[in-house]
Amino acid sequence: MNPSVHPSCVVEDGARLGAGVAIGPFCHIGAGVEIGDGATLLSHVVVGGRTRIGARARIFPFAAVGLPSQDIKAALAQGALTIGHDCVIREGVTINAGAGEGTRIGARCVFLAASHVAHDCRLGDDVILSNQVLLGGHVEIGDHAMIGGATAVHQNVRIGAHAFVGGLSGVEADVIPFTLASGNRAHLFGLNRVGLQRRGFAPERIERLRRAYRLLFAREARALSERIDCLSRDFAGDADIAAIIEFLRAPSTRPLCAPRARAESP
């Protein structure tokens with residue numbers, strides 16, 4: 001099936017449109033853009049730079065995708081952006097390209113109205129950004145993570161898989177997988193129990209995560225490295241705990257998000 005392009009659109013020479021792509025009124029598609037089969041751009045969408053958009057994407061009015069970074073030091077360098085299949089990009093969303101390998105977004109992600117993804121971010125599969133979420137440059141977000149509305153995430157922060165960040169939060173520290181964080185500045189409230197249950201985590205699996213969380217954030221005066229070693233020893237062979245340990249041992253320039261002094265029960 002040939003692409004359907006409204007007569008009011010500008011599609012520059014060199015752009016590649018897959019089978020069944022539908023582009024509505026007043027869109028502008030740059031020369032370096034590739035749009036996968038069955039994608040739909042409703043109207044007034046701008047896609048530029050070296051951008052690849054996966055199959056069956058749905059992009060709503062006034063979104064700007066793949067344009068140069070807003071990083072002043074980067075000037076207007078044209079970077080790259082890759083978006084996986086079946087993503088939804090709602091009204092007024094901005095997703096900037098990055099330098100080098102660029103910004104990379106997984107499959108089935110949802111970006112609600114006026115959310116922003118800055119340069120060189122890495123988002124996994126099934127990530128949801130609610131309305132007006134702001135990601136600084138080089139942010140990394142794991143699979144199935146959800147970020148509540150009007151939350152700002154500091155540059156270089158990592159948010160682990162299956163984590164949930166509550167709305168109106170300011171996140172300046174790394175959030176480990178499977179947890180719930182909220183506040184300004186954000187701190188941990190325990191496990192993301194509701195999200196884990198909705199994704200079919202068995203009660204025993206959640207209980208093991210709860211035990212690991214308590215061990216990791218125990219009030220005992222032990223170094224974090226010792227607590228990580230305890231996790232590795234006490235939960236050997238557990239894939240979920242291994243994911244937490246891998247997250248904690250990975251290089252990072254940000255501090256670790258933790259419970260407040262009077263820790264809430266997960």
Side-chain angles (χ1 to χ4, degrees), residues 106 108-109 121-130 133 135 138-148 151 153-154 156-266:
R108 299 176 301 278
C109 293
C121 288
R122 303 284 188 271
L123 277 63
D125 296 336
D126 301 289
V127 171
I128 299 177
L129 304 189
S130 295
V133 169
L135 303 184
H138 301 276
V139 166
E140 298 182 14
I141 301 181
D143 297 345
H144 299 283
M146 298 179 63
I147 315 297
T151 288
V153 182
H154 194 284
N156 297 302
V157 159
R158 299 176 302 135
I159 297 175
H162 298 279
F164 181 90
V165 178
L168 297 172
S169 294
V171 186
E172 62 179 3
D174 292 342
V175 178
I176 66 171
F178 308 108
T179 56
L180 169 64
S182 187
N184 187 11
R185 297 301 197 237
H187 60 281
L188 294 183
F189 282 85
L191 295 183
N192 178 20
R193 284 180 175 270
V194 173
L196 298 178
Q197 290 167 353
R198 287 175 176 172
R199 293 183 194 109
F201 279 55
E204 316 83 66
R205 189 177 176 187
I206 295 175
E207 174 60 21
R208 287 177 66 81
L209 284 167
R210 186 189 67 84
R211 287 166 47 205
Y213 178 95
R214 287 191 167 182
L215 176 60
L216 181 61
F217 295 107
R219 298 184 187 181
E220 303 172 22
R222 289 188 297 171
L224 177 62
S225 60
E226 293 180 39
R227 286 174 274 160
I228 294 173
D229 290 341
C230 286
L231 284 184
S232 183
R233 181 185 65 246
D234 295 352
F235 296 90
D238 187 300
D240 294 335
I241 312 306
I244 294 175
I245 294 169
E246 181 181 6
F247 182 94
L248 290 167
R249 287 178 171 167
S252 178
T253 61
R254 305 304 305 164
L256 184 65
C257 189
R260 285 185 172 169
R262 299 183 62 180
E264 295 85 354
S265 176

Quiz prompt | NZ or CZ of R208 within 45° of F235 ring axis and under 6.0 Å | solution = no
Quiz item: Is there a donor-acceptor pair closer than 3.5 Å between any side-chain N or O of S169 and the backbone N or O of N184?
Solution: no
Self-check item: Non-hydrogen atoms of E172 and H154 that approach each other most closely
Solution: CA-CB, 3.8 Å
Self-check item: Pairwise distance CG(D229) to CZ(R249) - rounded to 0.5 angstrom
Solution: 5.5 Å
Practice problem: Please confirm whether the backbone N or O of L216 pairs with a side-chain atom of R227, one donor and one acceptor, at under 3.5 Å? | Solution: yes
Quiz item: Do you know the tightest heavy-atom contact between A186 and C257?
Solution: O-SG, 3.5 Å
Quiz prompt | Salt-bridge criterion met for R122 and E140 (N-O under 4.0 Å) | solution = no
Quiz prompt | side chain to side chain donor-acceptor pair (under 3.5 Å) partners of D126, counting only residues at least two apart | solution = R108
Quiz prompt | Note, T151 side chain near L168 side chain (heavy atom, < 4.5 Å) | solution = no
Quiz item: CZ of F217 to CG of L256: how many Å apart, nearest 0.5 Å?
Solution: 5.0 Å
Practice problem: Tell me whether the guanidinium CZ or amine NZ of R205 lies under 6.0 angstrom from the six-membered ring centre of F201 and within 45° of its axis. | Solution: yes
Quiz item: Can we say D174 and R158 salt-bridge, meaning some charged N sits less than 4.0 Å from an Asp/Glu carboxylate O?
Solution: yes
Quiz prompt | Interatomic spacing from CG in L215 to CG in L231 - rounded to 0.5 Å | solution = 5.0 Å
Quiz item: What is the ring orientation for H162 with H144, classed by angle as parallel under 30°, tilted 30 to 60°, or perpendicular over 60°?
Solution: parallel
Self-check item: Stepwise side-chain contact (heavy atoms from CB on, under 4.5 Å) check, I159 with V127
Solution: CA-CA 11 Å; I159 297 175; V127 171; over 6 Å; no
Quiz item: Taking it one step at a time, do I147 and I128 satisfy side-chain contact (heavy atoms from CB on, under 4.5 Å)?
Solution: CA-CA 6 Å; I147 315 297; I128 299 177; over 6 Å; no
Quiz item: Is there a donor-acceptor pair closer than 3.5 Å between any side-chain N or O of Y213 and the backbone N or O of G190?
Solution: yes
